[in-house]
Amino acid sequence: MPSSEDQEFSCFKPLSTVLKSLHTAHRRFGLPWQILCRYQNIWNISLQLRPSFLAAIIMDSDMEEYREKVGGDQRIQVPTKGIYGFNSYLEKLRKQEYMKNELQYLGKFCQVPIEIPRDLRGVLIDKGSLNAMRFLTSVHIEYPEMLEKVSRELWMRIWSRDEDITEPWSIQAAAEEAGFSRKQAMSLLKKSSTEEVKNKLRENTNTAYKYGAFGLPTIVAHMDTKPCVFFSSDRIELLAHLLGEQWQGPVPQALKGKL
Amino acid sequence: MANLPRKLELFYDVLSPYSWLGFELLCRYQNIWNINLQLRPSFIPGILKDSGNKPPALVPRKGKYMMMDLQHLKNFYQVPIRIPKDFLTVILEKGSLNAMRFLTAVNMEKPEMLENVSRELWMRIWSRDEDITEPQSILAAAEKAGLSKEQAKSLLENSSTDKVKNKLKETTSAACNYGAFGLPTIVVHMDNKPCVIFGSDRMEMLAYLLALQFLGRLCKTDLLAPVSTRRSQI
């Protein structure tokens, strides 16, 4: 499979577009991802999942603002876990409260079984997702056809059953639930801490950043003229419109009997 | 027996282009859905200060994204948005205090004109890149909306009274009490509790929560079918 982005694009050019969905195992990021997965066999698209690291994107985005204010090229170490930054919106309780309510509505509307973790702040800020995202990157390299399933299982742990996703046995459980054998899961887990995987995650995250991402999910649609960048789960109908595809709501007809 | 219309409050500020989108979408539906749409002119800097939130335009990447987003959305929603040339000055220096006080006065004295005057102010700032801070600008919008010169002048005078200033503060506080951290904020009064929705991109979800038929962003009434009587589960 070609590795450079230019080659990937020309490889998929006969299709109407190539969609890259950059995502992490975080909050409502499950929603656009779930919706795009539902449409990937209905619309004429090639959906490419790109596991990325949200904390780094938020940090970089905040740092850009900080640098513009104070000048110079100060670098702050990217956090190894959790999300924090000068303007981390999770620090703002009111947004957090809103998010809890909104996610309940969205879960029902999109038919995704979201349950807010009891210790939301702890899960998002203290615990984070670095190990999980490294693991998904490892899956992406070795078993790309399994990426969708393992991602879904990790989401189900954190965002439906309020279970841990940071410890090795948690990640292994998700992998096995997705269909990996214990042996495969352990091998992928071991690979997660190699430089190859860490670099690949950094590379995906930097790619998102280069597209102008300030958060995730970020969807990049490779249109005829130039890439079109969309943030969050609220632009999929717009995306359908730009692709000339039909939007059938968050649960398209083809799936209605199956959910 | 007809159901009572659901009360929907839209808290908005003409400084916010996304408020314009939410406003137009709800106006399209107010005669189709069984809702009682109540427009609530508010003051966005008050909400941002109270919640500790920051305008997206101040985060460089969010600002850039917003420019691009609005170009897509204006076509998608068919609302004639054009970014002001000196965007940051318009948003951060000029602001909308006088305009929102004027709209508050309109809401108190001539509520039936609130929709038209709000729209004319949006057309000025967010479509023709015209001023909305000077008295003559506000009067021009009011007259274009259908108010006479005398009515417009009288409302403008009332705008600077304590009564109107306090009413604007009160409406802004009400939004904050609902948990608003930005605008537009829509509050849907459901049977058991209010449902608060931020942003202009949740209409389809709103329709779902209210068990109403969504006819798309352009509200295509030729697609109208009997409205479902299913009660929402929220």
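Throughout, protein chains are lettered first and strands after them, A, B, ... in sequence-line order, and every chain is numbered starting at 1.
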> Which atom names give the shortest non-hydrogen contact between B/Met68 and A/Val229, and what distance separates them?
CE-O, 3.7 Å
> Can you confirm whether B/Glu204 sits close enough to A/Trp247 that some side-chain heavy atom of one is under 4.5 Å from a side-chain heavy atom of the other?
yes
> Taking the six-membered ring of A/Tyr209 as reference, does the cationic atom of B/Arg61 (NZ for Lys, CZ for Arg) lie under 6.0 Å from its centre and within 45° of its axis?
yes
> Show the nearest heavy-atom pair for residues A/Arg94 and B/Ile47, with the distance to one decimal.
NH1-O, 4.5 Å
> Given heavy-atom pairs under 4.5 angstrom as the criterion, report whether the side chain, backbone, both or neither of B/Asp50 touches chain A.
both
> Just do the side chain to side chain contact (heavy atoms under 4.5 Å, CB included) check on B/Met205 and A/Asp234 with the steps written out, would you?
CA-CA 10 Å; B/Met205 186 183 86; A/Asp234 324 318; over 6 Å; no
> Decide if atom NZ of B/Lys163 counts as having more than 12 heavy atoms of other residues, nucleotides or ligands within a radius under 6.0 Å.
no
> Measure the spacing between CZ of A/Phe230 and OH of B/Tyr65 and express it to the nearest 0.5 Å.
7.0 Å
> Please look at B/Phe198 and chain A and tell me whether the side chain, the backbone, both or neither of the residue comes under 4.5 angstrom of a heavy atom of that chain.
both
> So, for A/Tyr105 and B/Pro194, which heavy atoms are closest and what is the spacing to 0.1 Å?
OH-O, 4.3 Å
> Evaluate the side chain to side chain contact (heavy atoms under 4.5 Å, CB included) criterion for residues A/Asn101 and B/Val196: first the C-alpha distance (whole Å), next the side-chain angles of each, then the deciding distance (0.1 Å), finally the verdict.
CA-CA 8 Å; A/Asn101 285 323; B/Val196 183; over 6 Å; no
> Quick check: under 4.5 Å, non-hydrogen atoms only, which of residues 120-132 of chain B neighbour chain A?
none
> Roughly how far, to the nearest 0.5 Å, is CD of A/Glu102 from CD1 of B/Ile197?
8.0 Å
> Measuring from atom CG of B/Asp201 to atom CD1 of A/Ile236, what distance do you get when rounded to the nearest 0.5 angstrom?
11.5 Å
> Using a cut-off of 6.0 Å, state whether more than 12 heavy atoms not belonging to B/Lys167 lie near its atom NZ.
no
> Kindly indicate whether the side chain of B/His72, heavy atoms from C-beta on, has any atom under 4.5 Å from the side chain of A/Leu242.
yes
> Answer yes or no: is there a side-chain heavy-atom contact under 4.5 Å between A/Arg235 and B/Asp69?
yes
> Donor-acceptor check, side chain of A/Tyr98 to backbone of B/Phe181, threshold 3.5 angstrom: yes or no?
no
> Can you measure from CD (A/Gln104) to SG (B/Cys195) and round to the nearest 0.5 angstrom?
11.5 Å
> Can you check whether B/Met203 reaches A/Glu237 side chain to side chain, under 4.5 Å on heavy atoms?
no
> Can you classify the ring geometry of B/Tyr208 versus A/Phe109 as parallel (below 30°), tilted (30 to 60°) or perpendicular (above 60°)?
tilted
